[in-house]
Q: 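Have a look at the structure that comes next, please.
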Amino acid sequence: MATAGKVIKCKAAVAWEAGKPLSIEEVEVAPPQAMEVRVKILYTALCHTDVYFWEAKGQTPVFPRILGHEAGGIVESVGEGVTELAPGDHVLPVFTGECKECAHCKSEESNMCDLLRINVDRGVMIGDGQSRFTIKGKPIFHFVGTSTFSEYTVIHVGCLAKINPEAPLDKVCILSCGISTGLGATLNVAKPKKGQTVAIFGLGAVGLAAMEGARLSGASRIIGVDLNPAKFEQAKKFGCTDFVNPKDHSKPVHEVLIEMTNGGVDRAVECTGNINAMISCFECVHDGWGVAVLVGVPTKDDVFKTHPMNFLNEKTLKGTFFGNYKPRTDLPNVVEMYMKKELELEKFITHSVPFSEINTAFDLMLKGESLRCIMRMEE
């Protein structure tokens, strides 16, 4: 490529301060250093995590920053030591990585890489502690190692999954975060058997992806639990057979679910981050074999309280990170599930806007109107 080894000037959406609309700026993107890759982003989606760190209400504010972590792109150039990827390869950036060398990466049971695990406070590259983005010489911070709200970005090779070049990037880009997280929570962690009952707490994009996993598993009943009754109609497309709004009942929601299912659901997946939903998710599963999986991220002061008898009665509580998928090893196979028409992605994509209208995507998510809004980098 004629651009390899040179600084690229391109457009990026910069968050200058918490909660203020992003502004489209010309940024300079430095060439990739050792074990880094510069990627031309073609499509990026908005995930709730971007909104959470843009609002910066409950965590360390790191600004100015280029957010974005759910995307699809093409390798422009590679840094020293990168052998697995070459210019022209199609890739999905992922907020967590796989170095392939640490104890976690070598374990079949874990996807929590020691080197490249998500770090929300780090705004620089791990190789040299510098940013690859500048505006008029001043550094702009990175976000979770990806920063996909830019036409070009620099990412550690361990955070890029090489995928089938035939796969449409405007669809499979949503597999780089939320959809894989929910899907894997069900398929890899809850593992419902055919004919079992599954409850899903929280019917946002991640919850609906968990529901899609229950549908693919052949669950006989899929119960959606959400405070917004409008979400039931949409959830039906993902296999939802029953809907429970905790506000409609005078008794705790786990008791409602136990009554509905003659002793409890076989599997339950929590995708809200609300501590009470997490506890209900565990308490609603059947004794003897019930498994509850926590996906949502709690606030820092939350405490999980339940009676130890729940464990002695052989209920199982598990947690998951990115659906237990190893990004480089497993994501290409999830893309193939879509290519074989086993997994439906179109129903998650509710909106599409040009990149210049990125603030519209934020508005849609803040109003609760979108599941996933895809932004096209090229107008």
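The basis for the numbers below is simple: all heavy atoms, side chains too, and nothing from hydrogens, waters or symmetry mates.
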Q: Spell out, yes or no, whether M337 and L331 are grouped together once hydrophobic residues are joined by side-chain heavy atoms under 4.5 Å, including indirect joins.
A: yes
Q: Checking side chain to side chain contact (heavy atoms under 4.5 Å, CB included) for the pair F304/T306: CA distance, chi angles, key distance, verdict?
A: CA-CA 7 Å; F304 190 102; T306 190; 3.7 Å; yes
Q: Regarding D302 and T299, do their side chains bring together a donor and an acceptor under 3.5 Å, going by distance alone?
A: yes
Q: Do H351 and I374 come within less than 4.5 Å of each other through their side chains, counting heavy atoms only?
A: no
Q: Between A214 and I222, which heavy-atom pair has the shortest distance, and what is it?
A: CB-CD1, 3.8 Å
Q: If only atom types and distance count, is the side chain of R215 paired as donor or acceptor with the main-chain N or O of F238 below 3.5 Å?
A: no
Q: Between T153 (side chain only) and T146 (backbone N and O only), is there a donor and an acceptor less than 3.5 Å apart?
A: yes
Q: Which distance, rounded to the nearest 0.5 Å, do you find between the CD of E342 and the NZ of K340?
A: 5.5 Å
Q: So does N324 get a backbone contact from the side chain of T320, meaning a donor-acceptor N/O pair under 3.5 Å?
A: yes
Q: Taking the side chain as C-beta and beyond, is there a heavy-atom pair between P32 and S77 under 4.5 Å?
A: yes
Q: Does any part of the side chain of L183, heavy atoms only, come nearer than 4.5 Å to the side chain of L343, both counted from C-beta?
A: yes
Q: Taking Q196 for the side chain and K193 for the main chain, is one N or O donor matched with an acceptor at less than 3.5 Å?
A: yes
Q: Please determine whether salt bridge (charged side-chain N to carboxylate O under 4.0 Å, His left out) holds for the pair K315 and D287, giving the CA-CA distance in whole Å, both sets of side-chain angles, and the decisive distance to 0.1 Å.
A: CA-CA 5 Å; K315 295 182 179 194; D287 55 6; over 6 Å; no
Q: Does E84 pair with K100 as a salt bridge, N-O distance under 4.0 Å?
A: yes
Q: Whether R372 and E70 form a salt bridge (side-chain N of Lys/Arg under 4.0 Å from carboxylate O of Asp/Glu) is what I want to check.
A: yes
Q: K40 pairs by salt bridge (Lys or Arg N to Asp or Glu O under 4.0 Å) with which of E76, E378, E151?
A: E378
Q: Does T148 reach the main-chain N or O of H69 with its side chain, forming a donor-acceptor pair under 3.5 Å?
A: yes
Q: Quiz question: by atom type and distance under 3.5 Å, do the side chains of E109 and S107 form a donor-acceptor pair?
A: no
Q: Quickly, which of F143, F53, F322 forms a ring pair (Phe, Tyr, Trp, His ring centres under 6.0 Å) with F95? Name it, please.
A: F322
Q: Give me the atom names and distance for the closest heavy-atom approach of C113 to C99.
A: SG-N, 3.4 Å
Q: Can a salt bridge be assigned to the pair K162 and D89 using a cut-off of 4.0 Å between side-chain N and carboxylate O?
A: yes
Q: Show the nearest heavy-atom pair for residues S147 and H142, with the distance to one decimal.
A: OG-CA, 3.2 Å
Q: So, for K171 and L345, which heavy atoms are closest and what is the spacing to 0.1 Å?
A: O-CD1, 3.7 Å
Q: For H249 and K251, indicate whether the former's side chain and the latter's backbone hold a donor-acceptor pair under 3.5 Å.
A: no
Q: Can you tell me how far apart SG (C102) and CE (M112) are? Round to the nearest 0.5 Å.
A: 10.5 Å
Q: Under the 3.5 angstrom rule, does the side chain of T44 hit a backbone N or O of R376 as a donor-acceptor pair?
A: no
Q: Taking NZ in K20 as the centre, count heavy atoms belonging to other residues, nucleotides or ligands within less than 6.0 Å. Is the count above 12?
A: no
Q: Does V7 belong to the same Ile/Leu/Val/Met/Phe/Trp/Tyr cluster as V14, with side-chain heavy atoms less than 4.5 Å apart forming each link?
A: no
Q: Just checking, is any N or O donor in the side chain of T272 or E270 under 3.5 Å from an acceptor N or O on the other one?
A: yes
Q: Kindly state whether the ring of F362 and the ring of W54 have centres lying under 6.0 angstrom apart.
A: yes
Q: With rounding to the nearest 0.5 angstrom, report the NE2 to CD1 distance, H307 to I279.
A: 14.0 Å
Q: Could you state the interatomic distance from SG (C173) to OH (Y43), rounded to the nearest 0.5 Å?
A: 9.0 Å
Q: Is the backbone N or O of R328 less than 3.5 Å from a side-chain atom of E98, with the two atoms forming a donor-acceptor pair by type?
A: yes
Q: Nearest 0.5 Å, please: how far is OG1 in T83 from CE in M35?
A: 6.5 Å
Q: Hydrophobic cluster membership, with links at side-chain heavy-atom distances under 4.5 Å among I/L/V/M/F/W/Y: are F63 and V51 in one?
A: no
Q: Would you say the side chain of P192 lies within less than 4.5 Å of the side chain of T186, judging by non-hydrogen atoms?
A: yes
Q: Heavy-atom distance under 4.5 Å between the side chains of T96 and P327, does that happen here?
A: yes
Q: Do you reckon V82 sits in the same ILVMFWY cluster as V154, going by side-chain contacts under 4.5 Å, direct or chained?
A: yes
Q: Set out, in order, the CA-CA distance, both residues' side-chain angles and the distance that settles side chain to side chain contact (heavy atoms under 4.5 Å, CB included) for W16 and I140, then state yes or no.
A: CA-CA 9 Å; W16 289 100; I140 305 293; 4.1 Å; yes
Q: How about E346 and Y338: does a side-chain donor come under 3.5 Å of a side-chain acceptor?
A: yes
Q: Does K347 come within less than 4.0 Å of E212, counting only side-chain N to carboxylate O?
A: yes
Q: Could you tell me whether the side chain of V27 reaches within less than 4.5 Å of the side chain of S150, counting heavy atoms only?
A: yes
Q: Do V291 and K191 pass the side chain to side chain contact (heavy atoms under 4.5 Å, CB included) test, and can you show the C-alpha distance, the side-chain angles, and the key distance before you say yes or no?
A: CA-CA 9 Å; V291 178; K191 297 181 181 168; over 6 Å; no
Q: Shared ILVMFWY cluster between V39 and I174, side chains joined below 4.5 angstrom?
A: yes
Q: What distance do L169 atom CG and L92 atom CG have between them, rounded to the nearest 0.5 Å?
A: 7.0 Å
Q: One pair to check against side chain to side chain contact (heavy atoms under 4.5 Å, CB included): I358 and I24. What are the steps and the verdict?
A: CA-CA 9 Å; I358 186 166; I24 304 287; 4.3 Å; yes
Q: Kindly give the heavy-atom pair with the smallest separation between L203 and A235, and that separation in Å.
A: CD1-CB, 4.0 Å
Q: Are any of the side-chain heavy atoms of V244 and L257 separated by less than 4.5 Å?
A: yes
Q: Hey, are H104 and N111 close enough side-chain-wise for a donor-acceptor pair under 3.5 Å?
A: no
Q: Would you say the ring centers of F133 and F141 fall short of 6.0 Å from each other?
A: no
Q: How close do L371 and A205 get, counting heavy atoms only, and between which atoms?
A: CD2-N, 3.7 Å
Q: Would one find more than 12 heavy atoms of other residues, nucleotides or ligands at under 6.0 Å from atom CD of E26?
A: yes
Q: Can you find a heavy atom in the side chain of V120 that is under 4.5 Å from one in the side chain of T49?
A: no
Q: Hey, does the side chain of D50 reach the backbone of C47 with a donor-acceptor pair shorter than 3.5 angstrom?
A: yes
Q: Checking the side chain of N313 only, and the main-chain atoms of N310 only, is there a donor and an acceptor separated by less than 3.5 Å?
A: no
